[in-house]
2 protein chains.
Amino acid sequence: MQFSFRMPVAVQILLCIAKFDGVFKTTSTFLASSVNINPVIIRKTLGQLKAAGLVEVAAGVGGAKLVKDPREITLQEIFNAVEEDEDLFHIQENPNPKCPVGRNIQQVLGNKLSVVKNHMLDDFAKITLADLLNDINTAEESRQ
Amino acid sequence: MQFSFRMPVAVQILLCIAKFDGVFKTTSTFLASSVNINPVIIRKTLGQLKAAGLVEVAAGVGGAKLVKDPREITLQEIFNAVEEDEDLFHIQENPNPKCPVGRNIQQVLGNKLSVVKNHMLDDFAKITLADLLNDINTAEESRQ
DNA sequence: ACTCATTGTAATAACATGATTTACAATGAG
DNA sequence: CTCATTGTAAATCATGTTATTACAATGAGT
């Protein structure tokens, strides 16, 4: 059981824009070839990132730009942009109300798990696009 | 995007066993009626919990017992018992090797995300079955 | 030894969700 | 006006989860 492609794809899109803006026109087709995924997915994701105020997309002419400095864009924002705001885990919605465990499980377990989710979001908030870009560059250097 | 039922179901199973062992025979049908789910799911989950050394199940006669003290059973063990040991997120497996971002994204993002996953598991390790049982009992008391 | 409720497990179906693909109107710089 | 591109809808495919049915194996109780 894993989270979907969406957040990693969004990260890769933003990294490509950060790295190639000004060098290449970062169209959905261009980005799609880096991720190796369908351009429609890129356009949808780009739409979510635009709605979240992270990028602006030039309709018609094509290409996307970052709105904020990579040091100001966190993984938390990216995650929130592309994922629903919902619980991390799916707790049974119709447990038996006659069972003392069943009638309290949602509240009790839900409380504990929401704390865990918040910790995860805190961790995400500490990782910036600039960090990732830096790691990409370091990895590139050590590649030769 | 959420994790599946499995871990919450496993938690509820263990809570019911802890609460009702000695009072009722905790058969898969009994447990299924608390969770309001199919008994086969219970039996499969119970099998995973047995394999993880958390419960023992009486084949033939029926019923399950905890092998360990609820204070010694953590959410981490329960999570590991029922979920694959895999990455939290699904990073594109075939990114473009000609793109400097594509050819490093797995390593760079994977590293960051594995740290986050480990933090999540650490959080889980701090929550015991006894904690949850206690919360259930408290919630029950405040219910009247 | 027999009974019978129960477990363990396989197989299948039903369902939900994610990803792919095709298609096309709307956009906007040149 | 043109044309590459975006934004979006719809249909399809793939995959994973949950539900359901079925039945052999188990083992305590009689």
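Here is the naming used below: chain letters follow the sequence lines, and residue numbers restart at 1 for every chain.
- When the P atom of D/dT17 is taken as reference, atom CD of A/Q92 falls 16 Å away, rounded to whole Å.
- With hydrogens and angles disregarded, a donor-acceptor distance shorter than 3.5 Å links the side chain of A/R6 to the backbone of A/V82.
- The distance between the ring centers of A/F20 and A/F30 falls below 6.0 angstrom.
- With both pairing distances under 3.5 Å, C/dG28 is matched to D/dC3 as a Watson-Crick or G-U wobble pair.
- If you measure from atom CD of B/E93 to atom C1' of C/dG18, you get 14 Å, rounded to the nearest angstrom.
- At a threshold of 4.5 Å between non-hydrogen side-chain atoms, the residues A/P70 and A/L66 count as touching.
- Partners of A/D21 under the salt bridge (charged side-chain N to carboxylate O under 4.0 Å, His left out) rule, at least two apart in sequence or in another chain, are A/K65.
- Side chains of B/S34 and A/P95 form no contact here, defined as non-hydrogen atoms less than 4.5 Å apart.
- The distance between atom CZ of A/F5 and atom P of D/dG16, rounded to the nearest whole Å, is 11 Å.
- In this structure, A/A59 and B/T27 both approach DNA chain C, and ranking their closest nucleotides by distance from the 5' end singles out B/T27.
- Distance, A/I17 CD1 to D/dT6 P: 11 Å, rounded to whole Å.
- Residues of residues 28-57 of chain A that place a heavy atom closer than 4.0 Å to DNA chain D, in numerical order, are A/S28, A/V40, A/R43, A/K50, A/V57.
- The residues B/D123 and A/K112 are annotated as not salt-bridged, no charged nitrogen and carboxylate oxygen being separated by less than 4.0 angstrom.
- Judged by Watson-Crick or G-U wobble contacts below 3.5 Å, the nucleotide D/dA10 has C/dT21 as its partner.
- What separates CD of A/Q12 from C1' of C/dA19 is a distance of 16 Å, to the nearest Å.
- Distance A/K25 NZ to D/dC3 P: 15 Å, rounded to the nearest Å.
- Between A/H90 atom NE2 and D/dG16 atom P the separation is 18 Å, expressed in whole Å.
- Base pairing of D/dT30: its partner is C/dA1, meeting the Watson-Crick or G-U wobble criterion (both donor-acceptor distances under 3.5 Å).
- Regarding A/E84, its CD atom lies at a distance of 9 Å from the P atom of C/dG18, rounded to whole Å.
- Remark: the backbone N or O of B/L133 is paired with a side-chain donor or acceptor of B/N137 at under 3.5 angstrom.
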